[in-house]
Amino acid sequence: MKILVTNDDGIDAPGLWALAAELAKVSEVVLFAPDREQSGTGTAITLRRSVTFAEVKSKLPRVKAYAVEGTPADSVLIGLEVARDVAAVFSGINRGANMGNDVLLSGTVGAALQGYFGGLPSVALSVVWSDEVCFEAGAKLAGLLARRILRGNSQSMLLNVNLPNLPLEVIQGVEVTRVGRGGYSSAIRMGRDGGKNNFRIQIGQPQWDPEEGTDIHAVVNGKVSITPLQGTLGTAEGIPFLDGSLPALLQELSP
Ligand code: MN
């Protein structure tokens, strides 16, 4: 049984190796990660072209590492194919929180989602952005979760873990949360190059709604947030737009 480790910050990111080092104390670890930064690629997979991958020099003894010239989700797909007896997928540790709206944009979560779709317990881990990110608490928590998963709690699940950028001894606790609202802000900067219009999406300050019970509330209050996610995005509640207009719409649609 192995743990497949991946991320979206790329194979050289320190958070990836901090995670792999801690998980290697628990189980055999194999690493499949994008060969470059792939933040914001969400659940994307590469279609209509081949994706290369190659073993690279590992920073850890007994841990094989492969760089994938594709997305985080691609990395998990090929990792599950090559490594075979994978018991769990861990993704991260991402530099920058993935809470609220950012859950759907995150390559860190997108990679873990592929593990979950594959029927495996899958965990995404992220720490609030800073110039100096502290991965210690996230790595330790990953090790504890992995121990419990490998001990037999191997149900398919998807956990999105976010941590404040704090040393372990100042963290205020751990909370099971739901996905909140808001996320990192973005702005469009227009430009022109070689006679063509272009634009660049610039990520700015987080605009987080700290509603109680959410991932955002826990983390801004110095706690670790563990959010169980599902692959189904629908809501059981109706929305007035459909309730009001559906009968007429169906009538107009019928031949
Ligand atoms: Mn990232």
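The model shown is predicted, which means the values in this text are computed figures rather than measured ones. Whatever order the structure lists them in is the order used to number ligands and atoms, beginning at 1.
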Just checking, any donor-acceptor pair under 3.5 angstrom between side chains of [X] and [Y]?
{"X": "Asn7", "Y": "Ser91", "value": "no"}
{"X": "Ser225", "Y": "Thr177", "value": "yes"}
{"X": "Thr227", "Y": "Asn160", "value": "no"}

Atom name, Asp8 (N, O or S, nearest to the Mn ion (ligand 1)): OD1
Considering only N, O or S atoms, which atom of Asp9 is nearest to the Mn ion (ligand 1)?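 Sorting the N, O and S atoms of Asp9 by distance to the Mn ion (ligand 1) puts OD1 first.
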Could you tell me whether the Mn ion (ligand 1) has an N, O or S atom of Asn94 under 2.8 Å away? yes
State whether Ser126 contributes an N/O/S atom found under 2.8 Å from the Mn ion (ligand 1). no
May I ask you to check whether Tyr184 and Trp129 place their ring centers less than 6.0 Å from one another? no
